[in-house]
**Student:** 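Okay, handing you the structure first.
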2 protein chains.
Amino acid sequence: MKSAKRRRLEAKGWKFGTVQEFLNLSEEEAAYIELKLALSKSLQEARRKKNLTQHELARRLKSSQSRVAKMEAGDTSVSLDLLIRSLLALGASRKELSQIFS
Amino acid sequence: MKSAKRRRLEAKGWKFGTVQEFLNLSEEEAAYIELKLALSKSLQEARRKKNLTQHELARRLKSSQSRVAKMEAGDTSVSLDLLIRSLLALGASRKELSQIFS
DNA sequence: ATAAGATATGTCATTATTGATATATAGTCA
DNA sequence: TGACTATATATCAATAATGACATATCTTAT
């Protein structure tokens with residue numbers, strides 16, 4: 001958005017910065033969630049491709065079956081960190097991770 | 001590695017599983033660290049491209065200058081999560097993230 | 001139907017990550 | 001030089017993520 005337009009909007013009382021911040025936050029949040037779901041899905045696919053149960057994968061990751069289930073469900077309690085480390089543990093290459101992101 | 005070869009090695013007393021686990025862990029660890037450094041570098045580039053100081057970026061992220069410095073340094077106390085969320089906050093698209101990963 | 005195995009969900013103590021703060025170390029300009 | 005701004009590093013209390021556990025629900029074979 002051009003600054004001239006912005007000044008006009010602000011002159012009319014729009015809390016421009018705040019609205020933009022809100023929109024940016026939403027977009028960012030949406031992208032974050034999408035990313036997480038894409039990683040979750042890929043993790044489940046990778047596990048199934050290797051014919052591992054959640055319990056078996058958990059053992060490899062030194063984690064627990066319940067956490068693997070949460071990872072695959074994209075639970076809010078799971079970080080991108082854990083998802084990415086798990087995919088790496090299943091042998092995913094950086095190229096494969098890259099494809100998940102795109 | 002083919003299972004026939006594996007069986008021969010095991011017959012000679014190699015603790016195959018353990019060694020493989022060790023190697024995999026190393027590879028995984030290496031990939032994780034590389035990824036983190038790639039994200040760190042991209043974050044710094046993105047910040048500089050926008051002519052923001054670490055302090056200004058920190059304010060956007062509701063974080064602190066010291067943490068931004070640690071992010072850009074790839075400090076062990078920084079998660080992939082925070083790096084990725086920061087890049088998203090700077091407006092990186094999924095495609096751009098994907099390129100960082102590849 | 002039910003037993004067995006796999007997956008999902010809820011809770012919680014432990015551990016890791018975080019923002020804040022203080023302070024140190026550049027780099028720059030007058 | 002010294003004031004100023006940016007960045008780096010150390011520490012720590014608050015918060016978030018984690019593994020473990022219990023238990024529930026779903027699948028599948030008999």
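Predicted model only: the values in this text are computed from it and were never measured. So you know, we letter chains A, B, ... as the sequences are listed, proteins then strands, and number each from 1.
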**Student:** Output, in order, the C-alpha distance, side-chain angles, deciding distance and verdict of salt bridge (charged side-chain N to carboxylate O under 4.0 Å, His left out) for E45(B) and K49(B).
**Tutor:** CA-CA 6 Å; E45(B) 284 170 3; K49(B) 194 163 284 178; over 6 Å; no
**Student:** Write down the atom of L43(A), the atom of S86(A), and the distance for their closest heavy-atom approach.
**Tutor:** CD1-CB, 3.8 Å
**Student:** Between dG10(C), dG19(C), dA6(C), which one does the side chain of S63(B) approach most closely?
**Tutor:** dG19(C)
**Student:** To the nearest Å, how far apart are L82(B) CG and dA17(D) P?
**Tutor:** 11 Å
**Student:** Looking only at non-hydrogen atoms, find the nearest pair between S77(A) and D75(A) and report the distance.
**Tutor:** N-OD1, 2.7 Å
**Student:** Which one, dA20(C), dA8(D), dG10(C), comes nearest to the side chain of S66(B)?
**Tutor:** dA20(C)
**Student:** Where the side chain of S79(B) is concerned, which of dT18(D), dT18(C), dA20(C) is the nearest nucleotide?
**Tutor:** dT18(C)
**Student:** Just the rounded figure in Å: distance from P of dT11(D) to CZ of R67(B).
**Tutor:** 14 Å
**Student:** Just the rounded figure in Å: distance from P of dT18(C) to CG of L61(B).
**Tutor:** 12 Å
**Student:** Rounded to whole Å, please give me the gap between CG in L80(B) and C1' in dT18(C).
**Tutor:** 15 Å
**Student:** Could you work out which one of dT11(C), dA6(D), dT7(C) sits closest to the side chain of K70(A)?
**Tutor:** dT11(C)
**Student:** Could you state the CZ-P distance from R59(A) to dG5(C), rounded to the nearest angstrom?
**Tutor:** 16 Å
**Student:** Whole-Å distance between dT15(C) C1' and K62(A) NZ?
**Tutor:** 17 Å
**Student:** Is there side-chain contact between L97(A) and L88(A), with at least one heavy-atom pair below 4.5 Å?
**Tutor:** yes
**Student:** The side chain of A69(A) is closest to which nucleotide in this list: dA8(C), dA20(C), dT7(D)?
**Tutor:** dA8(C)
**Student:** Is any side-chain N or O of Q65(A) closer than 4.0 Å to OP1 or OP2 of dA8(C)?
**Tutor:** no
**Student:** Tell me what V68(B) touches on the nucleic acid: a base, only sugar-phosphate, or nothing, going by heavy atoms under 4.0 Å.
**Tutor:** nothing
**Student:** Round to the nearest Å and state the distance from N51(B) atom CG to dT5(D) atom P.
**Tutor:** 18 Å
**Student:** Of the candidate nucleotides dT7(C), dT21(C), dT7(D), which contains the atom at the shortest distance from the side chain of S64(B)?
**Tutor:** dT21(C)
**Student:** With a 4.5 Å limit on heavy-atom distance, are the side chains of R67(A) and L82(A) in contact?
**Tutor:** yes
**Student:** Taking the minimum atom-to-atom distance to the side chain of R47(A), which one of dA8(D), dA6(D), dT7(C) wins?
**Tutor:** dT7(C)
**Student:** Rounded to the Å, how far apart are E72(A) CD and dC26(D) P?
**Tutor:** 17 Å
**Student:** Nearest nucleotide by nearest heavy atom, which residue falls closer to the 5' end of DNA chain C, Q44(A) or D81(A)?
**Tutor:** Q44(A)
**Student:** Where the side chain of R85(A) is concerned, which of dT9(D), dT18(D), dT7(C) is the nearest nucleotide?
**Tutor:** dT18(D)
